[in-house]
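In what follows, a single structure is set out as structure tokens and then discussed.
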Amino acid sequence: MAIPVLYSFRRCPYAMRARLALQSAGITVELREILLRDKPAEMIELSPKSTVPVLVSNGKILEESRDIMDWALAQNDPEGWLNGYDPDLVIECETKFKDALDKYKYASRFADVNPQDQREIAAEYLQKLDKILNNQPCLSGVYFGYNDAAILTFIRQFANVDRGWFEAQNWPKLAKWLDNFLQSERFSSIMQKYPVWQAGSVPIYFPEQQ
Ligand SMILES: N[C@@H](CCC(=O)N[C@@H](CS)C(=O)NCC(=O)O)C(=O)O
């Protein structure tokens, strides 16, 4: 079977969650790092909507990050990520929370948007996560799993908008959960820097072989 190809962008939270799942499933892909402002023609041809991540495997094209996660974990789920998977919690992150995050982070791109109001909307979701984390160490239960991987990368983005404000809020479990992830080997291994891919580049394989 040909090695699947993943078009990816290091800092994209959707691409990050796909890399987390591929790594957990132990599925090796050829990683093609792209620039959002200069997407390779090969990727646009395969996926005209051209968002990252895009995974191509034996002619099958997956262009939604959760589809890539599901595809990887259906083949191999050694850490039991699918146990405790809560699609509603993940979808709320991608819709209501992400919408508020974008308006908070990029307020000037929207007409009539008050970033503080948007931060409050996003914070409601974060309070909900903090409550869950009051009863269990991870959003998937005892262990890091699907919910954590699918949600953490967006919370990281939110926290980075104004670190001082984020740290001053009363969500200790959430802050600890984020911090544990940012300090983890798991995170550093999916955040390796790779040169931008061009046709003819030497292939880069991910996860890196130990
Ligand atoms: N629903 C998609 C969203 C992916 C997405 O929006 N990715 C962003 C980067 S973080 C993107 O590629 N945007 C297109 C662009 O900036 O041109 C998924 O889950 O994969």
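Numbers here simply count residues along the sequence, with the first being 1.
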Using only atom types and a distance under 3.5 Å, with no angle test, would you say the side chain of [X] pairs donor to acceptor with the backbone of [Y]?
{"X": "E64", "Y": "R66", "result": "no"}
{"X": "S189", "Y": "E185", "result": "yes"}
{"X": "Y146", "Y": "G80", "result": "no"}
{"X": "S24", "Y": "A21", "result": "no"}
{"X": "K49", "Y": "E63", "result": "yes"}
{"X": "S201", "Y": "W197", "result": "no"}
{"X": "D148", "Y": "G145", "result": "yes"}
{"X": "S47", "Y": "I44", "result": "no"}
{"X": "N147", "Y": "G84", "result": "yes"}

Is it true that [X] and [Y] fall in one hydrophobic cluster, defined by side-chain heavy atoms closer than 4.5 Å?
{"X": "M191", "Y": "L36", "value": "no"}
{"X": "W165", "Y": "L126", "value": "yes"}
{"X": "I68", "Y": "Y194", "value": "yes"}
{"X": "M43", "Y": "L31", "value": "no"}
{"X": "I121", "Y": "F158", "value": "no"}

Is the count of non-hydrogen atoms from other residues, nucleotides or ligands lying under 6.0 Å from [X] atom [atom1] greater than 12?
{"X": "Q198", "atom1": "CD", "answer": "no"}
{"X": "E45", "atom1": "CD", "answer": "no"}
{"X": "N160", "atom1": "CG", "answer": "yes"}

The test is salt bridge (Lys or Arg N to Asp or Glu O under 4.0 Å); show your working for K128 and E124 and say whether it passes. CA-CA 6 Å; K128 175 170 164 171; E124 285 169 26; over 6 Å; no

Pairwise distance [atom1]([X]) to [atom2]([Y]) - rounded to 0.5 angstrom:
{"X": "Q116", "Y": "D162", "atom1": "CD", "atom2": "CG", "value": "9.0 Å"}
{"X": "N180", "Y": "Q183", "atom1": "CG", "atom2": "CD", "value": "8.0 Å"}
{"X": "K96", "Y": "Y125", "atom1": "NZ", "atom2": "OH", "value": "10.5 Å"}
{"X": "N135", "Y": "K173", "atom1": "CG", "atom2": "NZ", "value": "9.5 Å"}
{"X": "K105", "Y": "R119", "atom1": "NZ", "atom2": "CZ", "value": "15.0 Å"}
{"X": "N114", "Y": "F110", "atom1": "CG", "atom2": "CZ", "value": "13.5 Å"}

On the ring face of F144, is R186 found with NZ or CZ under 6.0 Å from the centre and within 45° of the axis?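 Judged by the rule (NZ or CZ under 6.0 Å from the ring centre, within 45° of its axis), R186 counts as positioned above F144.
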
Looking only at heavy atoms, which two atoms of [X] and [Y] are closest? And how far apart?
{"X": "Q136", "Y": "G141", "answer": "NE2-N, 3.3 Å"}
{"X": "L22", "Y": "A72", "answer": "CD2-CB, 3.9 Å"}
{"X": "Y104", "Y": "Q118", "answer": "N-CB, 3.8 Å"}
{"X": "E30", "Y": "I3", "answer": "N-CG2, 3.6 Å"}
{"X": "V113", "Y": "K103", "answer": "CG1-O, 3.6 Å"}
{"X": "L62", "Y": "K60", "answer": "CD2-CE, 4.0 Å"}

Before you tell me yes or no, could you show the steps for F97 and F154 under ring-ring contact (aromatic ring centres under 6.0 Å, His included), namely the whole-Å CA-CA distance, both residues' side-chain angles and the distance that decides it to 0.1 Å? CA-CA 9 Å; F97 175 77; F154 297 90; 7.6 Å; no

State, with a plain yes or no, whether a side-chain heavy atom of [X] is found less than 4.5 Å away from one of [Y].
{"X": "S8", "Y": "R19", "value": "yes"}
{"X": "Y14", "Y": "K98", "value": "yes"}
{"X": "I151", "Y": "L129", "value": "yes"}
{"X": "W177", "Y": "L152", "value": "yes"}
{"X": "L133", "Y": "L139", "value": "yes"}
{"X": "W81", "Y": "L20", "value": "yes"}
{"X": "F166", "Y": "L178", "value": "yes"}
{"X": "Y7", "Y": "L55", "value": "no"}

Derivation of the side-chain contact (heavy atoms from CB on, under 4.5 Å) call for V52 and K39: CA-CA 10 Å; V52 281; K39 293 171 187 160; over 6 Å; no

Evaluate the side-chain contact (heavy atoms from CB on, under 4.5 Å) criterion for residues I132 and L89: first the C-alpha distance (whole Å), next the side-chain angles of each, then the deciding distance (0.1 Å), finally the verdict. CA-CA 11 Å; I132 298 173; L89 193 68; 3.9 Å; yes

Short N-O contact, [X] and [Y], less than 4.0 angstrom:
{"X": "E94", "Y": "R17", "answer": "yes"}
{"X": "K193", "Y": "E33", "answer": "no"}
{"X": "R32", "Y": "E42", "answer": "no"}

Should W71 and I27 be marked as a side-chain contact (heavy atoms from CB on, under 4.5 Å) after you check the CA-CA gap, both sets of side-chain angles, and the distance that decides it? CA-CA 10 Å; W71 173 86; I27 295 177; 4.1 Å; yes

